[in-house]
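Input: a single structure, listed below in structure tokens.
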Amino acid sequence: MSGFLHDDQIAVLRQQGFVVARQFADPDRVAALRALAERHLQDHVAPIEYEADLRYPGAPASREAQGGLTVRRLLNAYARDPLFAQWATDPAIGQWLARYFGEPAVLSTVHHNCVMTKHPAYGSLTGWHQDIRYWSFSDTDLVSCWLALVPESSGNGGLSFIPGSHSASFAPEQFDEQKFFRENVPQNADWIARAVSPTLEAGDVVFFHCRTLHAAPGNRSDRVKLSLVHTYHPASCHPIAGTRSASQPDVPLAG
């Protein structure tokens, strides 16, 4: 991909808080990553987060309930397999993010770093939120890279984003006790009305800012949706000591 195209995409990310980079990963690589994710999902390779662990709307009440072993995320993707690690540290990602940050990028192995699934049955919906809500860093300019391993749309639980929300100042009362953006608050209605739901093909990547409001509905299709997501920060930004964000080592990227 040319530097000019990178700069165009980066300008969109700065303006609206997310950008879709079409066919960022080649088909053979996507197929290999998808096959690996499907194998780990089928074999329940730990560490795993189950839908019942979070109990978001639509999830089973417990692991013992019907559908209780529905997987939400295959955790710690970077350490799961060299194939996942190679993608997370791919030079194309490092170069793209280095242009955005203006300095080398660093992979957080604490936040995201997972295969995100969305099952047709018992796959929960996720309300509007900003990822930074539980993260602790010296700066808030962090970006996530979301790779679609299968086609994604609103019909199978694809992401929706609110353009410009990454640069807005919201009052605490606009969020609930779990830091979800309240849908029943009048001052939030105009923001939610701006939401867009990009359709992704396998191999497409979404780069999105940690302050961008995003959400995902349930999966109304008959197939599991699989995505690979990692989070990065600039080298000059550091996780705050003593917090969960500092609980695992970061990985510098070549850029």
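All values below come from the heavy atoms of this structure, side chains included, with hydrogens, waters and symmetry mates left out.
Cluster membership check: Leu228 shares its hydrophobic cluster with Val251, using side-chain heavy-atom separations under 4.5 Å among Ile, Leu, Val, Met, Phe, Trp and Tyr. When hydrophobic clusters are built by joining Ile, Leu, Val, Met, Phe, Trp and Tyr residues whose side-chain heavy atoms come closer than 4.5 Å, directly or via intermediates, Leu107 is not grouped with Met116. The hydrophobic cluster containing Val206 does not contain Phe101, counting ILVMFWY residues as joined when their side-chain heavy atoms lie under 4.5 angstrom apart, directly or transitively. Residue Leu253 is not grouped with residue Trp146 when hydrophobic side chains (ILVMFWY) are merged at heavy-atom distances under 4.5 angstrom, including chains of intermediate members. Two different hydrophobic clusters hold Val106 and Val229 under the rule that ILVMFWY side chains link at heavy-atom gaps under 4.5 Å.
One finds the CG atom of Leu213 at 11.0 Å from the CZ atom of Phe161 (value rounded to the nearest 0.5 Å). Separation of atoms CG (Leu97) and CG (Leu13) is listed at 9.0 Å; rounding is to 0.5 Å. For the atom pair Leu74 CG and Cys114 SG, the distance stands at 8.0 Å (nearest 0.5 Å). Interatomic distance, Asn219 CG to Ser154 OG, rounded to the nearest 0.5 Å: 11.0 Å. Here SG of Cys145 is found 5.5 Å from OH of Tyr232. Values are rounded to the nearest 0.5 Å. Between the CG atom in Leu200 and the NZ atom in Lys225 there is a gap of 8.5 Å [rounded to 0.5 Å].
The minimum heavy-atom distance between Pro151 and Asn156, with the atom names listed, is O-ND2, 2.9 Å. The minimum heavy-atom distance between Ala65 and Ala61, with the atom names listed, is CB-N, 4.2 Å. Closest approach of Gly157 to Ala216, counting heavy atoms only: O-CB, 3.6 Å. Closest approach of Pro104 to Ala98, counting heavy atoms only: CA-CB, 4.5 Å. Residues Asn76 and Pro47 share a closest heavy-atom pair of CB-CG, 4.0 Å. The two residues Pro163 and Trp191 have their closest heavy-atom pair at O-CZ3, 3.8 Å.
Take Asp141 and apply the salt bridge (charged side-chain N to carboxylate O under 4.0 Å, His left out) test, not counting sequence neighbours, and it matches no residue. In this structure Ala11 satisfies the side chain to side chain contact (heavy atoms under 4.5 Å, CB included) test with no other residue, sequence neighbours excluded. Taking the salt bridge (charged side-chain N to carboxylate O under 4.0 Å, His left out) definition, one finds that Asp53 meets it with Arg63, sequence neighbours left out. Partners of Arg133 under the salt bridge (charged side-chain N to carboxylate O under 4.0 Å, His left out) rule, at least two apart in sequence or in another chain, do not exist in this structure. Considering only residues two or more places apart in sequence or on other chains, Lys118 meets the salt bridge (charged side-chain N to carboxylate O under 4.0 Å, His left out) condition with none of them.
Judged by distance alone, the side chains of Gln130 and Thr212 never bring a donor and an acceptor atom under 3.5 Å apart. Side-chain N/O atoms of Trp96 and Gln9 include a donor and acceptor closer than 3.5 Å. Asn113 and His111 form no side-chain donor-acceptor contact under 3.5 Å, judged by distance and modelled atom types alone. Counting only N and O atoms by type, the side chains of Ser124 and Glu51 include a donor and acceptor under 3.5 Å apart. For the residue pair Ser160/Ser197, the side-chain donor-acceptor check at 3.5 Å is satisfied. Thr231 and Ser144 form a side-chain donor-acceptor contact under 3.5 Å, judged by distance and modelled atom types alone. Neither side chain, Thr117 nor Arg73, offers a donor N or O lying under 3.5 Å from an acceptor on the other.
Contact annotation: the side chain of Leu41 approaches that of Val224 to within less than 4.5 Å [non-hydrogen atoms, C-beta and beyond]. In this structure the side chain of Val45 reaches within 4.5 angstrom of the side chain of Arg80, judged on heavy atoms. Between Thr126 and Arg72 the shortest side-chain heavy-atom distance falls below 4.5 Å. Contact of the Phe137 side chain with the His233 side chain is registered, since non-hydrogen atoms from C-beta on lie closer than 4.5 Å. Here the side chains of Val110 and Trp135 are not in contact, with every heavy-atom distance at 4.5 Å or above. Put simply, the side chain of Val143 does not reach to within 4.5 Å of the side chain of Cys210, judged on heavy atoms. Between Leu147 and Leu33, the closest side-chain pair of non-hydrogen atoms falls below 4.5 Å. Residues Tyr50 and Val71 meet the side-chain proximity criterion, which asks for heavy atoms closer than 4.5 Å.
Surrounding CD of Gln187 are more than 12 heavy atoms belonging to other residues, nucleotides or ligands, all under 6.0 Å away. Within 6.0 Å of the CD atom in Gln42, the count of heavy atoms belonging to other residues, nucleotides or ligands does not exceed 12. Heavy-atom neighbours of Glu103 CD from other residues, nucleotides or ligands within 6.0 Å: above the threshold of 12.
Relative ring orientation between His40 and Phe84 is described as perpendicular, the plane-to-plane angle rising above 60° on a 0-90° scale split at 30° and 60°.
With ring centers used as reference points, His230 lies 6.0 Å or more from Tyr78. Ring-centre distance between Phe181 and Phe170: below the 6.0 Å cut-off. With ring centers used as reference points, His214 lies under 6.0 Å from Phe208. For an aromatic pair to be called close, the ring centres must be under 6.0 Å apart, and Phe207 with Phe24 satisfies this.
Ion pairing between Asp90 and Arg29 holds under the 4.0 Å rule for side-chain N and carboxylate O.
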Inset, instruction - Just do the side chain to side chain contact (heavy atoms under 4.5 Å, CB included) check on Asn188 and Glu183 with the steps written out, would you? - result: CA-CA 7 Å; Asn188 292 354; Glu183 297 193 32; over 6 Å; no
Inset, instruction - Determine, step by step, whether Ser227 and Glu152 satisfy the side-chain hydrogen bond (donor to acceptor under 3.5 Å, both in side chains) criterion, reporting the C-alpha distance in whole Å, the side-chain angles of both residues, the deciding distance to 0.1 Å, and the verdict. - result: CA-CA 9 Å; Ser227 316; Glu152 299 192 22; 2.6 Å; yes
Legend entry - Stepwise side chain to side chain contact (heavy atoms under 4.5 Å, CB included) test for Gln66 and Tyr122: CA-CA 9 Å; Gln66 185 174 1; Tyr122 307 108; 3.1 Å; yes
Legend entry - Audit row: His209, Phe18, ring-ring contact (aromatic ring centres under 6.0 Å, His included) steps and yes/no: CA-CA 6 Å; His209 196 275; Phe18 70 95; over 10 Å; no
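Judged by distance alone, with hydrogens and angles left aside, the side-chain atoms of Glu38 form no donor-acceptor pair with the main-chain N or O of Leu226 at under 3.5 Å. Between the His119 side chain and the Gly218 main chain, no donor and acceptor come within less than 3.5 Å of each other.
With respect to Pro239, the side-chain contact (heavy atoms from CB on, under 4.5 Å) criterion is satisfied by exactly one of Ser138, Ser245, Ser136: Ser245.
Phe175 does not carry Arg182 over the face of its six-membered ring by the limits of under 6.0 Å from the centre and within 45° of the normal.
Within the structure, salt bridge (Lys or Arg N to Asp or Glu O under 4.0 Å) contacts touching residues 187-205 (residues at least two apart or in different chains) are Arg22-Asp204.
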